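Both counts, for ligands and for their atoms, begin at 1 and track the order of listing. The shown structure was predicted, so the numbers you read here are calculated from the model rather than taken from an experiment.
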Amino acid sequence: MKPIVAIVGRPNVGKSTLFNRLIQSRQAIVEDLPGVTRDRLYADAEWNGRTITLVDTGGIQLDKDGDTIEAHVTRQAELAIREADVIVFVVDVTQGVTAPDLEVAERLRRVRKPVIVAVNKVENLKREDEALEFWSLGLDQVISVSAEHGMGTGDLMDAIVAALPSAVPEEPEEGGPVRVAVIGRPNVGKSSLVNAILGEERVIVSDVAGTTRDAIDVLVERGEDKFLLVDTAGMRRRAKVEQPVERYSVMRALRAVERAQVVLVVVDATDGVTEQDQRIAGYAHENGKACIVVVNKWDLVEKDDRTMAKKTDEVRARLAFMDYALVHFVSAKTGARVHRLLPLIKEAAANHARRIPTRELNDLVREAYALNPPPSDKGRRLKILFATQPHVSPPGFVFFVNDAELVHFSYKRYLENRLRETYRFEGTPINLYFRTRA
Ligand code: GDP
Ligand code: GDP
């Protein structure tokens, strides 16, 4: 599980600039997803071998109506307090310590989480002096940076990594329950869906040891099969208390996704796949999880015998970057087709963990190569010497080749298709890597 580092602070102190600066070291991993809007609120960054997920809370949409700046900051801070492992509190040296800064600091002091003050826009010695004033906030660490010029950001990353909880990898246990996260925009019907699933099955609500904070995992059994719905607490609470729906918590969703093997991305059939849905589905994709797109509220759609095929095409077109995802239509309200979900989840989890024996894999690769040899490139032709699958969850294949530069996208695609035609990988991404072996 990757630790989450939240960047909080007032508008205009330079949070986004800092965020972009900190993730730069890892641009390669933050691939652009075709069809997904560019502005990202979170990204992975790596420093000294630790990978963290940085969240730019400034980008989270909050109600603007009637909000004072202070209320805005407070809510952001609260979101961060709940979900993050380490908080980076960005302040602006050119403005000195402001009243809202004091207010946020007061709240941050009360949580038992490391808080690092990043004093931004420190670009000369005078500012260095002024930055010292921020020690008066009473937080753990004060680091001077200039996000714009990239100064001090290495020190900041050092401080962040030093403050992280120690890494405890969470491997899927053999024979354990399939871990499932249910994510989606507010009001698409996540809680209704969970309740519809729970309505049919034997349910054990448990505070499973090791889960964080107020996350509640629910164990569901059907016959021999066990499923753990991770972090369903937020949904239930919301369903009970009639308060204005809290804005969807990016951090919460990220957490749930990271702990899951299979992610249900719930969308509303009457809206189709929106941009926000694309972004949310992107969490599952980027984390290499198996994915089922659950198109809910199917009861509200007027249908004929072609509607489902047509809607499936629409969903797939909007989520083209994850063409492996399963698409399933349900009505949480009437319960229609809900009973098919657990078997689908089981299948997706099995595919996600599938391991192909080396011999079989190499037979397949040899046959695929003979059937469709790659074209030669400037007189040189790609040769595949050997293939192996060192990873599962998701499956990852390494091809040792004469020259990795000779691998064209289309040939990689061809090999992936052959693998998918031969083995059951529905619902899961698979990764193909090519290494040159001289
Ligand atoms: P956010 O609202 O907190 O995300 O702030 P932004 O990252 O959008 O930055 C707000 C303004 O501060 C922009 O005009 C930036 O160019 C400027 N800014 C950000 N970082 C620095 C810095 O290190 N030095 C200076 N001088 N300006 C900065
Ligand atoms: P969440 O915010 O994603 O957890 O969504 P909720 O489960 O709270 O549902 C939001 C609204 O959609 C509620 O008014 C539900 O009654 C309604 N809803 C949920 N699922 C369905 C469905 O399958 N069909 C219809 N017609 N309404 C639904």
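For ligand 1, one of its N or O atoms has an N or O atom of Gly14 under 3.5 Å away. Taking distance alone, with nitrogen or oxygen atoms compared against 3.5 Å, His149 stays at or beyond that limit from ligand 1. Some N or O of Ser191 is nearer than 3.5 Å to an N or O of ligand 2, by distance alone. Checking only distances, Leu300 never comes within under 3.5 Å of ligand 2, N or O to N or O. For a threshold of 3.5 Å applied to N or O pairs, the pair formed by Ala147 and ligand 1 contains at least one separation below that value.
Of all heavy-atom pairs between Val188 and Asn296, the closest is O-ND2, 3.0 Å. Heavy atoms only, all atoms of each residue included: His352 and Pro394 are closest at NE2-N, 3.6 Å. Here the closest heavy-atom approach between residue Ala290 and residue Ala348 is recorded as CB-O, 3.9 Å.
Between atom 16 (O) of ligand 1 and the options Arg21, Lys121, Glu148, Arg10, the minimum heavy-atom separation is to Glu148. Heavy-atom proximity to atom 12 (O) of ligand 2, evaluated over Arg185, Lys333, Lys297, is greatest for Lys297. When the options Val295, Val338, Val182, Asp299 are ranked by their closest heavy atom to atom 25 (C) of ligand 2, first place goes to Asp299. Here the shortest heavy-atom distance to atom 15 (C) of ligand 2, taken over Gly335, Ala332, Ser192, belongs to Ser192.
Counting heavy atoms under 4.0 Å from ligand 1, residue Thr17 touches it through both backbone and side chain. Only side-chain heavy atoms of Asn296 come within less than 4.0 Å of ligand 2; its backbone N, CA, C and O stay farther off. Looking at Glu123 against ligand 1, only its side chain comes within 4.0 Å, counting heavy atoms.
Panel note: side chain Asp140, backbone Val115; a donor-acceptor pair is recorded below 3.5 Å.
Side chains of Arg354 and Asn351: a donor-acceptor N/O pair is present below 3.5 angstrom, by distance only. In this model, no donor atom of one side chain and acceptor atom of the other lie less than 3.5 Å apart for Glu148 and Thr17. Thr274 and Asp277 are linked by a side-chain donor-acceptor pair at a separation below 3.5 angstrom, with hydrogens and angles left out of the test.
Those atoms of ligand 2 that come under 4.0 Å of a heavy atom in Pro186, given as number and element, are 2 (O). Listed by number with element, the atoms of ligand 1 under 4.0 Å from a non-hydrogen atom of Lys15 are 1 (P), 2 (O), 3 (O), 4 (O), 5 (O), 7 (O). For ligand 2, the atoms closer than 4.0 angstrom to any heavy atom of Lys190 are 1 (P), 2 (O), 3 (O), 4 (O), 5 (O), 7 (O).
The closest approach between a heavy atom of Gly9 and any atom of ligand 1 is not below 4.0 Å.
The residue from His285, Arg420, Glu426 that alone fulfils the side chain to side chain donor-acceptor pair (under 3.5 Å) condition with Tyr324 is His285.
How far CD of Glu416 is from CD of Glu421: 11.0 Å, rounded to the nearest 0.5 Å. The distance from atom CG of Leu432 to atom OH of Tyr414, rounded to the nearest 0.5 Å, is 12.5 Å.
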